[in-house]
2 protein chains.
Amino acid sequence: MFSGRTLADRAFEWLEEAIIKGDYPPEAKLDEVALAKSFGISRGPVREAIRRLEGKKLVERVPHVGARVAALNPSDLADILSVREALEGMACRLATERMSDAEIKELENLLDQHADQGGLKSGANYYQNPGDYDFHFRIIQGSRNAKLIEMLCNDLYYLLRVYRYRSSSRKGRAKEAFQEHQDVVAAMKARDPDAAEAAMRTHLHHALLSIQNEQVPLPRPKRLQKA
Amino acid sequence: MFSGRTLADRAFEWLEEAIIKGDYPPEAKLDEVALAKSFGISRGPVREAIRRLEGKKLVERVPHVGARVAALNPSDLADILSVREALEGMACRLATERMSDAEIKELENLLDQHADQGGLKSGANYYQNPGDYDFHFRIIQGSRNAKLIEMLCNDLYYLLRVYRYRSSSRKGRAKEAFQEHQDVVAAMKARDPDAAEAAMRTHLHHALLSIQNEQVPLPRPKRLQKA
DNA sequence: GTCCAGAAAATTGTTGACATTTTACAAAAT
DNA sequence: ATTTTGTAAAATGTCAACAATTTTCTGGAC
């Protein structure tokens, strides 16, 4: 059923995926005996899986009471988005320095595809859809920074996903987002790390403002100066 | 002996501290029976503590073989320092927006103390000493961003500490670092988040270059433009 | 001396039983 | 009716024994 070799590892993978998928929403109780029974194993490996998730901060535990899927208060959202802005801005800088011409060209093609096959036409659908995800994902990978990749794609992924349903569906945001993507790629093509980082941060900061108050975001620092 | 209520929690705290202090260096084997015996408990809680550390990525585990303190290859160092630059730059930006005048004044006094009581005189001692640590710590706290504080003070702390002994002791770096600290505070006093973030990133980037090749770092982007 | 079984030892993985604590429920008092 | 209190039930914490795997050791063949 799963790849992990030990029962504890398999339980961990199963549980992590279930939490990320939303099968276990925030605050949901993780009942050891129920989980053990549903996995057909004993409580030992289940407890170890829960402990690992606790270390990852996906679940919170109260001694003698139990473990629950980590809760997220609204103020956490702003905190997380600032972290994402900082990390993904850095990732975009590094990607601009490290991605090959061919890779950047692929990125450009990706945007062209979105424009062609109704990405823009479908309006509000472009922003924060699989296409948007793929765009960000590729740039993060292009940073060649393992820690950055891990933090953005693994550690923050669950948190961003939990809040996704709140994300702005404001009219016109899709078009803006698409334009911002193009700005990012333009800076990368020009091999201008400062501009690329600034463009990515502007994009993400607009998303933050858009989510926070469903309003037109005010402009923010556009780029890092050369020297 | 320890605050945690359950044996597993106490074992976790003890082990985490031991790893951070360096009592268990990278690659060190974590023997379940030996640890259980030294704690006077059974293997169950010890395994749970190790699983939690695994989730925190402080230890690496190979099924049926065992757990070791996480190893750090040299390329990890550069990756981590880039992450720190991004996160602490953002922290400095937010601190500039959110710290009170009194708090910023305290920060300034802290630097004055360092200058007076031999911080500068002792030369190479100023850079990356407790004083340097306190300076960075206060700014991070000033960001009022719980995620940022957690990532910098908890998650990255061990990694940065492990590599500390490698850090540059180059002549003159101390004086430079002190000056860079003053640049940061100056920007914060002026309530210029762009300049503050840029100054902090310059400071950290110089440290990165200094560590990497023990050479005079070249200047990097100095500040974020206003609009 | 080196290499290759194969057994023995040591280590990790898993389980079921028991201990402890919390929670749920019901009866009694106000 | 509400609160309180005590008991029962359920959940978590811990342990010791057993199972499975890896590692080490030993003996022998070449």
Side-chain angles (χ1 to χ4, degrees), chain A residues 1-19 22-72 158, chain B residues 1-19 23-72:
Chain A
M1 191 178 183
F2 280 101
S3 51
R5 297 251 289 285
T6 72
L7 298 183
D9 289 336
R10 280 187 272 183
F12 168 80
E13 291 170 19
W14 191 95
L15 253 180
E16 183 183 37
E17 190 176 332
I19 290 173
D23 295 345
Y24 288 82
E27 305 267 12
K29 179 82 188 296
L30 299 181
D31 187 294
E32 292 177 8
V33 298
L35 288 170
K37 197 170 292 183
S38 83
F39 293 156
I41 63 180
S42 67
R43 281 172 51 221
V46 172
R47 285 175 62 83
E48 291 184 15
I50 290 175
R51 285 292 192 181
R52 222 172 128 186
L53 291 167
E54 183 187 9
K56 265 196 119 178
K57 298 188 191 300
L58 253 62
V59 314
E60 293 167 350
R61 166 182 285 269
V62 178
H64 295 111
V65 172
R68 294 182 174 279
V69 178
L72 301 175
Y158 159 71
Chain B
M1 190 177 184
F2 281 101
S3 52
R5 296 251 291 285
T6 73
L7 298 183
D9 289 337
R10 281 187 270 183
F12 168 81
E13 291 171 18
W14 192 94
L15 253 181
E16 183 184 37
E17 189 176 331
I19 291 173
D23 294 346
Y24 287 84
E27 305 268 14
K29 179 83 188 294
L30 298 181
D31 187 295
E32 292 177 8
V33 298
L35 288 171
K37 196 170 294 183
S38 84
F39 293 155
I41 62 179
S42 68
R43 282 173 52 224
V46 172
R47 285 176 62 84
E48 290 183 16
I50 290 176
R51 285 293 193 181
R52 219 171 130 188
L53 291 167
E54 182 187 11
K56 265 196 118 178
K57 298 188 193 300
L58 252 62
V59 314
E60 293 167 349
R61 166 182 285 269
V62 178
H64 295 111
V65 172
R68 293 182 174 279
V69 178
L72 300 175

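Just so we're clear, the structure is a prediction, and the values are computed from it rather than from any experiment. Note: hydrogens, waters and symmetry copies are ignored here, and every other heavy atom, side chains too, is used. Chain letters run A, B, ... following the sequence lines, proteins first, then strands; residues in each count from 1.
Counting heavy atoms from C-beta outward, B:Leu7 and B:Phe39 have side chains that stay 4.5 Å or more apart. Contact of the B:Val59 side chain with the B:Leu15 side chain is not registered, since no non-hydrogen atoms from C-beta on lie closer than 4.5 Å. Under the 4.5 Å side-chain criterion, counting only non-hydrogen atoms from C-beta, B:Glu54 is not in contact with A:Phe12.
With values rounded to the nearest 0.5 angstrom, A:Glu60 atom CD is found 11.0 Å from A:Leu30 atom CG. Taking CZ of B:Arg52 as the reference point, atom CZ of A:Arg61 lies at 8.5 Å (rounded to 0.5 Å). Expressed to the nearest 0.5 Å, how far NE2 of B:His64 lies from CZ of A:Arg5 amounts to 7.0 Å. Taking CZ of B:Arg68 as the reference point, atom CD of B:Glu27 lies at 6.5 Å (rounded to 0.5 Å). Of the inter-residue distances, the one linking B:Leu35 atom CG with B:Trp14 atom CH2 reads 7.0 Å to the nearest 0.5 angstrom.
By the neighbour-count criterion of 12 heavy atoms within 6.0 Å, atom NZ of B:Lys37 is sparsely surrounded, having that number or fewer from other residues, nucleotides or ligands.
Going from atom CZ of B:Arg47 over to atom P of D:dA17 covers 17 Å, rounded to whole Å. For the pair B:Glu32 CD and C:dA10 C1', the computed distance is 12 Å after rounding to whole Å. B:Arg10 has its CZ atom 8 Å from the P atom of D:dT14, to the nearest Å. Distance A:Glu48 CD to D:dT12 P: 16 Å, rounded to the nearest Å. In this entry the distance linking NZ of B:Lys37 with C1' of C:dA10 reads 12 Å, nearest Å. Atoms CG (A:Leu30) and P (D:dA11) sit 14 Å apart, rounded to a whole Å. For the pair A:Asp31 CG and D:dT12 C1', the interatomic distance rounds to 10 Å; values are reported in whole Å. In this structure, A:Arg51 atom CZ and D:dG13 atom P are separated by 6 Å, rounded to whole Å.
Relative to the side chain of A:Ser42, the nucleotides C:dT15, C:dT12, D:dT14 differ in distance, and C:dT15 lies closest. Nearest nucleotide to the side chain of A:Pro45, out of D:dT14, C:dT12, C:dT15: C:dT15. For B:Arg5, the listed nucleotide lying nearest its side chain is C:dT22; candidates were D:dG13, C:dT22, C:dG13. Closest to the side chain of B:Lys29, out of C:dT12, D:dA16, D:dT12, is C:dT12.
Counting any heavy atom pair closer than 4.0 Å across all strands shown, B:Gly44 reaches no nucleic acid atom. Nucleic acid contact for B:Ile50: none, since no nucleic acid atom lies under 4.0 Å from a heavy atom of the residue.
A heavy atom closer than 4.0 Å to some atom of DNA chain D occurs in A:Arg61, A:Pro63, A:His64, A:Val65, A:Gly66, these being the qualifying members of residues 55-71 of chain A.
Contact check on B:Arg51 versus B:Glu48 returns no salt bridge, with no Lys/Arg side-chain nitrogen under 4.0 Å from an Asp/Glu carboxylate oxygen.
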Give me, pair by pair, the N or O atoms of the protein and of nucleotides 5-8 of chain D that are less than 3.5 Å apart, along with how far apart they are.
none

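Remark: the A:Arg43 side chain and the D:dG13 base include a donor-acceptor N/O pair separated by less than 3.5 Å.
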